[in-house]
Amino acid sequence: MTRVLCVAEKPSIAKSVAQTLGGGRVSLRESGNKYVKNYDFRFEFPEWGWCDVTMTSVLGHLTSIDFPESFAWGNCDPDRLFQAPIMTKGSGSDSAKVATNITNEAQRANHLMIWTDCDREGEYIGFEILEQAKKKNGFFNLNNTYRAQFSHLERSHIVRAAKNPIKLNKNAIDAVSTRMEVDLRTGASFTRFLTETFRARFKDTVPKVVSYGACQFPTLGFVVDRYKRVKSFVPEEFWYLSIEAKKGNSKVPLTWSKPSLFDRLVALVIYQECVQFSGNQATVTNVSSRPTSNWAPLPLTTVELQKCCSNIFKMGAKETVDCAEKLYNMGFISYPRTETDKFPKNMDFKSLIEKHAQSSTWGEYAAALANEPGKFRTPREGSHDDKAHPPIHPICFTDGASLNAKQKQVYEFVVRRFLACCSKDATGSLTTVKVRWGTEDFAASGLNVIETNYLDIYTYSKWESSKKLPAFEMGEIINLSKAELATGRTSPPEYLTESELIALMDANEIGTDATIAEHIEKILTREYAVKVPKGTGRSKVLQIVPTELGYGLVEGFNQIGFDRISLTKPFLRRELEGKLRNIVDGQKRKQEVLEEIIELYHQAFVQTKQNKSVVLDSYRKIVESNS
DNA sequence: GCAAGGTC
């Protein structure tokens with residue numbers, strides 16, 4: 001019988017796909033690695049009929065790249081790393097066993113089918129698997145290796161993927177190897193140069209490693225940018241008209257329709273006109289009431305999870321993903337690294353919801369959502385789809401007995417978020433009254449919440465009826481209890497919070513859902529930035545501020561003034577991401593992009609070397625100005 | 001002692 005070897009990117013996918021395709025008749029074999037299992041079963045493929053199938057997996061990348069020994073740290077001028085040869089090596093300590101398992105299983109196989117995630121890295125991991133499979137089976141090559149296309153684990157979707165495989169995408173493989181090479185050459189050269197330069201001048205007052213990375217520097221750049229804006233902020237005085245209507249016993253403050261003015265005289269002229277014109281009386285020009293709603297949240301992505309846990313629980317991004325990872329491994333939640341904010345079609349929401357009816361906390365809500373007519377609504381759809389994983393959602397109910405406090409919080413959040421997604425929007429009515437005083441318009445509005453719906457379960461969001469507006473009538477003349485020219489001062493921006501940093505990185509394509517937390521962690525462990533608490537109690541937030549070293553590095557690099565790039569801003573990484581997409585689309589070739597980008601970085605490297613005193617002095621000046 | 005990308 002024809003033998004087919006299927007290989008997924010991670011054990012959980014192998015297990016799930018094997019169960020689906022094997023229809024319950026699956027036998028399990030150990031692989032030599034603790035996490036990786038081999039699943040044997042039979043499946044009927046359209047082209048090959050009934051086959052003996054082995055489904056196994058790797059653990060992410062099998063290999064990584066590095067320089068040969070003669071180009072190791074200390075053995076050559078960092079400048080040479082832009083042209084040095086590059087070799088492939090096994091990645092991580094446990095990769096050997098995983099790799100051997102692929103080679104052994106492939107030896108007897110007639111066909112190789114790749115089941116890695118449907119993204120760029122997944123294509124490359126597929127290529128690594130093929131290279132490994134070739135070692136004892138010369139038959140396999142890019143043209144006869146199959147690739148299953150799937151974006152979630154729903155049964156019919158998986159069966160369709162098995163029956164309609166395509167080929168590995170050579171362009172995507174090239175794009176990833178381009179990224180790897182750029183990151184290695186630039187990261188290693190600049191890191192060695194900076195470390196040696198800083199340690200030569202400042203010895204033990206700087207950390208052991210002063211690193212550069214195409215993601216960590218822009219991350220640091222965001223932190224420094226905000227810090228500088230706070231530091232250089234000069235408050236400005238502004239003026240505005242402030243009036244308050246008196247109606248029976250209640251006083252209603254009204255907001256001026258124009259923005260505040262920075263010119264006191266202009267504001268004063270307007271104010272005097274109004275007083276002359278209308279005194280302490282104003283006219284109601286419009287009263288309207290309209291239905292309004294507060295939308296239930298979108299399905300949960302990794303980035304959103306990190307932002308929410310940072311805002312709500314003050315958890316670090318790394319801490320959050322670690323908790324999510326644990327919850328996933330225990331089978332409580334779905335795969336936690338996803339960019340997708342829309343659920344697949346024909347997803348069985350009701351059965352997922354029903355599992356939570358047993359909860360003592362949210363059980364009542366879940367039961368009602370699953371069973372009472374008119375409660376459930378299919379979740380809204382966001383616009384992101386990584387084609388690999390569904391949004392994060394609970395798989396099983398747990399009372400949390402086996403979880404620590406943080407994991408419990410994250411789990412509860414995932415559940416509440418999911419139930420909220422499946423609930424109706426909150427509704428209310430918004431009453432707005434418009435008033436004319438002199439030549440100017442003012443307005444006040446009052447919210448009346450009618451149906452709370454999702455807010456009952458998503459207790460992290462607040463949307464409450466504001467103080468009720470008294471009844472006003474069109475054309476009514478009202479008395480003002482206050483009519484004054486008010487003044488205020490503009491306030492400085494706050495230092496960056498982690499959740500804002502995550503949002504900036506996400507928007508600027510710095511890192512991925514799986515790595516954003518690591519880059520933030522990196523600038524902290526490199527002593528480029530620190531987290532400082534602001535406020536106390538419930539209003540406490542953690543802000544990220546640069547250290548003298550982080551500030552000095554960014555300022556120094558900014559002062560050098562490279563030709564058309566900046567190493568501390570996100571644009572270069574974005575440009576690379578764009579070019580990588582061009583490689584995938586076939587609009588550019590790998591070699592062409594490599595030459596362009598490496599040349600750009602090399603020029604920047606040479607310039608940095610020539611101007612190393614600029615960077616060193618920038619740091620020294622900051623240290624001195626603080627002491 | 002270096003990067004960033006997977007995953008455990």
Side-chain angles (χ1 to χ4, degrees), chain A residues 8-14 31 33-37 57-67 71-76 78 81-82 84 86 90-95 97-98 116-117 119-129 172-173 175-199 206-219 302 321-322 324-326 328-330 335-338 386 388-389 505 509-523 525-526 567 573 576-577 580 597-598 601 605:
Chain A
E9 187 163 322
K10 43 188 161 274
S12 62
I13 301 280
S31 74
N33 175 282
K34 192 167 117 193
Y35 303 105
V36 172
K37 309 285 179 199
S57 74
V58 290
L59 299 167
H61 283 285
L62 272 175
T63 60
S64 69
I65 56 169
D66 205 350
F67 300 109
F71 292 88
W73 196 317
N75 290 355
C76 78
L81 299 179
F82 289 93
I86 284 176
S91 84
S93 53
D94 248 17
S95 68
K97 288 271 171 59
V98 180
T116 49
D117 296 352
D119 53 25
R120 228 164 52 193
E121 297 294 328
E123 294 299 312
Y124 191 87
I125 294 169
F127 170 72
E128 291 175 304
I129 294 165
I173 296 168
V176 171
S177 85
T178 304
R179 179 201 50 77
M180 296 196 307
E181 188 172 332
V182 169
D183 288 342
L184 175 66
R185 291 191 191 281
T186 58
S189 58
F190 274 97
T191 299
R192 291 180 194 177
F193 172 74
L194 284 175
T195 302
E196 277 154 22
T197 308
F198 268 80
R199 290 197 67 85
V206 291
K208 286 235 160 5
V209 177
V210 182
S211 66
Y212 166 84
C215 287
Q216 48 179 278
F217 254 51
T219 303
T302 307
V321 292
D322 286 348
E325 175 76 29
K326 278 270 160 42
Y328 163 68
N329 286 326
M330 290 186 276
Y335 192 68
R337 289 182 281 276
T338 175
D386 63 17
H389 304 284
M505 294 171 73
E509 297 185 80
I510 300 300
T512 69
D513 50 1
T515 61
I516 280 179
E518 288 173 29
H519 297 312
I520 298 176
E521 199 69 12
K522 183 71 87 183
I523 65 170
T525 57
R526 287 281 182 258
L567 295 181
R573 184 70 187 182
L576 176 63
E577 287 294 334
L580 296 182
I597 294 278
I598 295 290
Y601 273 106
F605 183 83

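On a predicted model such as this, the values are computed, not experimentally measured, just so you know. Chain letters run A, B, ... following the sequence lines, proteins first and then strands; every chain starts at 1.
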Give a yes or no on whether the backbone of A/Gly511 and the side-chain of A/Thr515 come within a donor-acceptor separation of less than 3.5 Å.
no
Do side-chain atoms of A/Thr302 reach the backbone of A/Pro336 as a donor and acceptor pair under 3.5 angstrom?
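Such a contact is found between A/Thr302 side chain and A/Pro336 backbone.
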Could you give the start and end, 5' to 3', of the contact zone on DNA chain B for chain A, using atoms under 4.0 Å from its heavy atoms?
B/dG1 to B/dC8
Classify the nucleic acid contact of [X] as base, sugar-phosphate or nothing, counting any heavy atom under 4.0 Å across all strands shown.
{"X": "A/Pro11", "result": "sugar-phosphate"}
{"X": "A/Lys34", "result": "nothing"}
{"X": "A/Tyr335", "result": "sugar-phosphate"}
{"X": "A/Ile65", "result": "base"}
{"X": "A/Thr512", "result": "sugar-phosphate"}
{"X": "A/Tyr212", "result": "sugar-phosphate"}
{"X": "A/Asp66", "result": "base"}
{"X": "A/Arg120", "result": "nothing"}
{"X": "A/Lys208", "result": "base"}

Partners of A/Arg120 by side-chain hydrogen bond (donor to acceptor under 3.5 Å, both in side chains), sequence neighbours excluded?
A/Glu577
Compute the ring centroids of A/Phe127 and A/Tyr124, then answer whether they are less than 6.0 Å apart.
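Distance test on ring centres: under 6.0 Å, yes.
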Would you give the length of the straight line joining atom CG of A/Leu59 to atom CG of A/Asn33, rounded to the nearest 0.5 angstrom?
5.0 Å
Quick one: on DNA chain B, does A/Gly74 or A/Asp513 contact a more 5' nucleotide (nearest heavy atom)?
A/Gly74
Return whichever of A/Glu518 or A/Trp73 has its heavy-atom-nearest nucleotide of DNA chain B closer to the 5' end.
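Of the two residues, A/Trp73 wins.
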Just to verify, what does A/Phe217 make a ring pair (Phe, Tyr, Trp, His ring centres under 6.0 Å) with, not counting sequence neighbours?
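Result, ring pair (Phe, Tyr, Trp, His ring centres under 6.0 Å) vs A/Phe217: A/Tyr212, A/Phe557.
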Do NZ/NE/NH1/NH2 and the carboxylate oxygens of A/Glu196 and A/Arg192 come within less than 4.0 Å?
no
